[in-house]
Amino acid sequence: MSILRFFSSRAARPAVATAPIARDRLQILLAHERAGMRGQPDLLMQLREEILAVVSRHVALDPEKVMVRMERGKNVSTLEVDIELPNESGVSLAATG
Amino acid sequence: MAKVLVVTSGKGGVGKTTSTAAIGAALAQAGKKTVVIDFDIGLRNLDLVMGAERRVVFDLINVVQGVAKLPQALIRDKRLEKLWLLPASQTRDKEALTEEGVGRVIADLRTSFDWIVCDSPAGIERGAMLAMRFADAAIIVTNPEVSSVRDSDRIIGMLDAKTVKAEAGERVEKHVLITRYDVSRAARGEMISIDDILEILATPLLGIIPESQDVLRASNVGSPVTLNNPASAPARAYHDAMRRLLGETVPMQVPSERKGLMDLLRGRRAA
């Protein structure tokens with residue numbers, strides 16, 4: 001049987017099971033989506049709002065110069081807020097949470 | 001010059017999202033700056049097929065409503081530098097999508113992209129109408145099956161009547177893409193023939209995508225099939241379709257799965 005498998009897998013691709021990857025991706029995604037549907041505010045979105053509110057209290061924010069990136073993970077999610085501050089040096093302030 | 005392409009079908013489950021991801025990635029691989037837009041408000045899935053589902057911050061409706069700027073909502077593909085995604089909203093009301101708002105977003109995208117690929121929701125309601133509204137070209141995804149062909153015909157009628165181009169007396173460039181083409185069923189004469197479909201729809205053929213496990217594997221891992229396994233039969237078929245879209249003449253092949261010796265010995269088991 002293993003010889004048969006050897007030959008048939010040469011014709012196809014190396015047999016990497018993709019179903020477990022699909023399951024993991026769905027579990028992570030649905031955990032986040034269900035929380036959102038139940039009306040629990042998305043923590044990342046809330047953090048984003050508040051971080052921007054604090055910063056805009058001190059400087060005039062150009063909405064075009066604010067980049068927000070998120071990555072929702074199983075155990076850890078990341079929020080990256082990249083704000084280009086409109087001053088002479090044009091320093092960029094990054095907050096990660 | 002930017003080109004707006006809608007991937008549509010009327011019927012659900014025929015492969016619009018798969019095709020949008022595959023063609024979008026193929027265009028980006030060919031060096032075209034491409035954005036794929038999900039118009040399926042409330043039931044987005046293009047993000048999942050593209051593998052960007054964990055990175056969605058803003059969506060199309062946020063941009064239409066002015067909550068977010070377009071550059072903030074665009075998600076850049078991690079594998080292809082020239083590929084971007086504009087996700088649909090998962091939670092908000094469909095009514096939030098207005099023609100005027102979508103028009104603005106598309107006009108904006110036209111200034112910085114070569115190809116704008118709109119993934120239409122199934123049906124003929126608002127979302128589907130708006131996805132095709134500003135199109136220059138259309139891919140009508142059709143399965144070799146009676147209800148799909150009927151719905152395609154309906155959609156072709158809408159493309160000829162309800163788009164901005166049609167209303168201006170111009171024509172939307174239309175292409176039929178046959179998907180889920182089952183090689184073994186075709187060999188047994190159990191499927192409507194491609195010639196019959198094309199004759200009924202009176203629309204030129206863009207490509208024939210075989211039913212394949214590679215499509216399922218690609219969506220499992222969240223990668224367009226043209227990227228996930230470029231040598232596979234569906235990826236090659238999508239790649240050829242993309243080249244035809246760019247105006248190249250590529251001989252049409254009825255694809256078949258490459259069969260190994262063992263497959264032949266076992267008989268026709270591969271789909």
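Letters A, B, ... are given to chains in the order of the sequence lines, protein chains preceding strands, and every chain is numbered from 1. These numbers were taken from a predicted model, which means no experiment stands behind them.
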Does the distance from a Lys or Arg side-chain N to an Asp or Glu carboxylate O, for B/K78 and A/E71, drop under 4.0 Å? yes
Could I get the full list of salt bridge (Lys or Arg N to Asp or Glu O under 4.0 Å) partners for B/R54, not counting sequence neighbours? none
So what's closer than 4.5 Å to chain A heavy atoms on B/S219: side chain, backbone, both or neither? backbone
Name all residues meeting the side chain to side chain contact (heavy atoms under 4.5 Å, CB included) criterion together with A/L29; count only those two or more places apart in sequence or in a different chain, and write none if there are none. A/E33, B/L48, B/E53
If you count every heavy atom of other residues, nucleotides or ligands that lies below 6.0 Å from B/E81 atom CD, does the total exceed 12? no
Could you tell me whether B/E190 atom CD has more than 12 heavy atoms of other residues or ligands within 6.0 Å of it? yes
For the residue pair A/I21 and B/N220, establish whether any side-chain heavy-atom pair is separated by less than 4.5 Å. no
Do the non-hydrogen side-chain atoms of A/V66 and B/Q72 ever get within less than 4.5 Å of each other? yes
